Each structure stands twice: as C-alpha cells, then as structure tokens.
Amino acid sequence: MKSEPSEYSIDDLKRDTKAPWYGVRNYQARNFMRDLMQPGDAVLFYHSSCPEPGVAGLAEVIGEPYPDSTQFDPKSPYFDPKATKEKPCWMLVDLEFKKRFERIISLAALRQEKKLQELIILRPGNRLSITPVTQKEFETIVQRAA
DNA sequence: GCCAACGTTGGC
DNA sequence: GCCAACGTTGGC
C-alpha cells in the first residue's frame, strides 16, 4: 500500500499503532481492498513521491473492509457526491503497525531483484495505490530488510 | 460508445 | 518542474 510520507508515513502509523486507510478513490485499488483483503493479511507499507521511494515497513489488516466515511463528508477532500450511506461507493480497511525497516528498501533495490520482475508496482506506468503481492514476492522483499 | 481535454500520480 | 502514463469527464 502506497502513501506519501508527507501525508502519512510508517512513523505516523507507528505512533498511532492503528489507522483507517481512508481516501482511496480509484476503482481498481478499491476492488483489491474490498475483494482481496482479509484480517491478518500482511501489508508492505510503501513511501511514494518522496526523496527515497520504497518499502518502509510492515503493517497488518485488522478488520473486514467497511465504508469510508470521508466520502459522505462535504468538507472532506475525499467527499463523493455520488455516494450515499445506503449505497456507499468507497471502502477502507484498518491497519495496525507491525514494523519499521531500519533502512528503506528502495525502488532501485526492488528493480534490481530478479525475483521481483513481475511485481505490479514495478510495471511501467503503474500508479495504483494498492496492489496485490504474491507470497514469494513478499518474502523476497522482507528478506531484503533483514 | 467514441474520443479529446483535462486532472492526477509519481519517478526523476 | 518536467513528463509519461493513466483515469475521468463530458460533448456528441
């Protein structure tokens, strides 16, 4: 899951311990979250749009997906006039902090790893803020942090 | 349903 | 700040 550290970083999650992942407004990313995520799932926390983009740590999904309340709030930048409480459009999950890597696993390092050639986030032009990762990809990345 | 214009993302 | 790659919007 991507986040701009100037908005919300792994250190923010460490401080808060838990956080709702609100503000996803892309259908494909929402579908991954809604259809694939389950409590207990491990999450790679990725810092984007920053001096050193890369995987900054680990989190865990701690509940079923549920409606993102910011879509109903006219004062929120994530307000969506098409959404109603009867028919919510956008979902979120709650995350719990697990680990902050001592060093960021940089995007450059991810690109150098042959086992990660299929990683969605490395595909040209990919901008999705939430993407699935295979078990092997996950293990390869976590090993790099050791 | 097509497509041009526009907005956003995100690395560099 | 630039720019490529998308996604979204809205006229037709």
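Computed over heavy atoms, backbone and side chain alike; hydrogens, waters and symmetry mates excluded. A quick note: this is a predicted structure, and the numbers were derived from the prediction, not measured. Chain letters run A, B, ... following the sequence lines, proteins first, then strands; residues in each count from 1.
- Atom CD in A/Glu7 sits about 14 Å away from atom C1' in B/dT8, given to the nearest Å.
- With respect to A/Asp11 and A/Lys14, no salt bridge is recorded, no charged nitrogen being found less than 4.0 Å from a carboxylate O.
- If you take CD1 of A/Ile130 and C1' of C/dG7, they are 16 Å apart, rounded to a whole angstrom.
- Between the CG atom of A/Asn26 and the C1' atom of B/dG10 there is a distance of 14 Å, rounded to whole Å.
- Between the CG atom of A/Asn126 and the P atom of B/dG10 there is a distance of 8 Å, given to the nearest Å.
- Minimum atom distance to the side chain of A/Tyr27 is reached by C/dT8, of the listed B/dG11, C/dT8, C/dA5.
- Heavy atoms only, all atoms of each residue included: A/Val93 and A/Gly63 are closest at CG1-O, 4.2 Å.
- We find that CZ of A/Arg111 is positioned 8 Å from P of B/dG11, with the value rounded to whole Å.
- To the nearest angstrom, P of B/dG10 lies 13 Å from CE of A/Met1.
- If you check every strand for non-hydrogen atoms under 4.0 Å, A/Ser48 touches sugar and phosphate atoms only.
- OP1 or OP2 of B/dG11 has at least one side-chain nitrogen or oxygen of A/Tyr46 nearer than 4.0 Å.
- Rounded to a whole Å, the CG atom of A/Leu128 is 10 Å from the P atom of C/dT8.
- A tilted orientation is assigned to the rings of A/Tyr8 and A/Phe45, their planes being inclined by 30° to 60°.
- Comparing C/dT9, B/dG10, B/dC12 by their nearest atom to the side chain of A/Arg127 picks out B/dG10.
- A/Leu110 places its CG atom 11 Å from the P atom of B/dG11, with the value rounded to the nearest Å.
- Distances from the side chain of A/Lys2 to the nucleotides B/dG10, C/dG7, B/dG11 place B/dG10 closest.
- Between A/Tyr27 and A/Trp90, the two ring planes are tilted [angle within 30° to 60°].
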